[in-house]
*Asks:* 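The following block contains the structure, expressed as structure tokens.
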Amino acid sequence: MAVAREEVRSFLAIELSEKAKEEVFFFVESIKKDFPNFRFIPSTNWHLTLHFLGEIPLEKLEKLKVHLRDGLKEMRPFTIMLDGFGAFPDFKKARLLWVGVRGDLEPLDRLKKELDQILQKLNFEIETRLFHPHITIGRLKGSSKSTLPAFSPVFRGTVINFINHITLFKSVLLNQSAQYTPLETFPLVEV
Ligand code: 2AM
């Protein structure tokens with residue numbers, strides 16, 4: 001009898017500080033009434049996605065962990081602030097609402113490129129679209145039409161997030177949401 005291979009739905013992301021999330025929380029609470037057709041994501045699930053891995057076999061995940069431990073050695077910590085509010089693909093056809101980032105975007109970009117190289121070596125599919133760092137705060141509900149307020153709200157974050165590791169998360173899909181569990185963190189420390 002064939003044994004089913006265990007697969008884990010997972011992704012790599014940057015975690016945000018509680019203080020930074022608090023700032024975004026007040027902003028999100030203030031705009032919810034203006035976006036009735038959107039489902040807002042609880043702040044406990046906010047993160048900056050670096051790469052969505054999808055359902056991957058456990059052995060492949062273990063191999064990736066080894067490569068990440070080794071491959072991120074050259075990366076150094078950096079700081080970002082959460083800043084800006086936008087929509088994908090754009091405000092007119094919005095399906096996803098996000099909060100953006102500013103700060104050390106160059107090291108963040110380098111980190112993303114390094115990750116892509118590691119992932120490519122292990123035959124993971126790489127995103128060909130330009131990396132647009134963001135924190136997803138809301139998604140358009142089911143078949144709703146996107147109706148947006150006449151004026152786009154503005155968000156300017158001030159809290160500094162010191163990023164000294166990335167996190168591998170397991171994702172379990174629930175009825176209307178998802179449960180994210182950190183599996184391992186990978187430090188960014190220049191050696
Ligand atoms: P997002 O940051 O644009 O929302 C966990 O599901 C994370 O992986 C989400 O934050 C999501 O991106 C990202 N992701 C990217 N591609 C995905 C996909 N095809 N299915 C689910 N999540 C995906």
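For ligands, and for the atoms within them, numbers begin at 1 and follow the listed sequence.
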*Asks:* So if I only count non-hydrogen atoms and take anything under 4.0 Å from ligand 1, which residues does that give, chain by chain?
*Replies:* R9, F11, H47, T49, F52, H134, T136, R139, Y180
*Asks:* Checking side chain to side chain contact (heavy atoms under 4.5 Å, CB included) for the pair Q176/R39: CA distance, chi angles, key distance, verdict?
*Replies:* CA-CA 9 Å; Q176 299 272 333; R39 182 171 300 111; 2.8 Å; yes
*Asks:* Around atom NZ of K32, are there more than 12 heavy atoms of other residues, nucleotides or ligands at under 6.0 Å?
*Replies:* yes
*Asks:* For the residue pair F40 and F38, categorise the inter-ring angle as parallel (less than 30°), tilted (30 to 60°) or perpendicular (more than 60°).
*Replies:* tilted
*Asks:* Under 4.5 Å side-chain heavy-atom separation, chaining through any Ile, Leu, Val, Met, Phe, Trp or Tyr, what else clusters with V66? Say none if it is isolated.
*Replies:* none
*Asks:* Crowded around K63 NZ? As in, over 12 foreign heavy atoms under 6.0 Å?
*Replies:* no
*Asks:* Assign the ring pair F88 / H132 to parallel, tilted or perpendicular, where the plane angle (0 to 90°) is split at 30° and 60°.
*Replies:* perpendicular
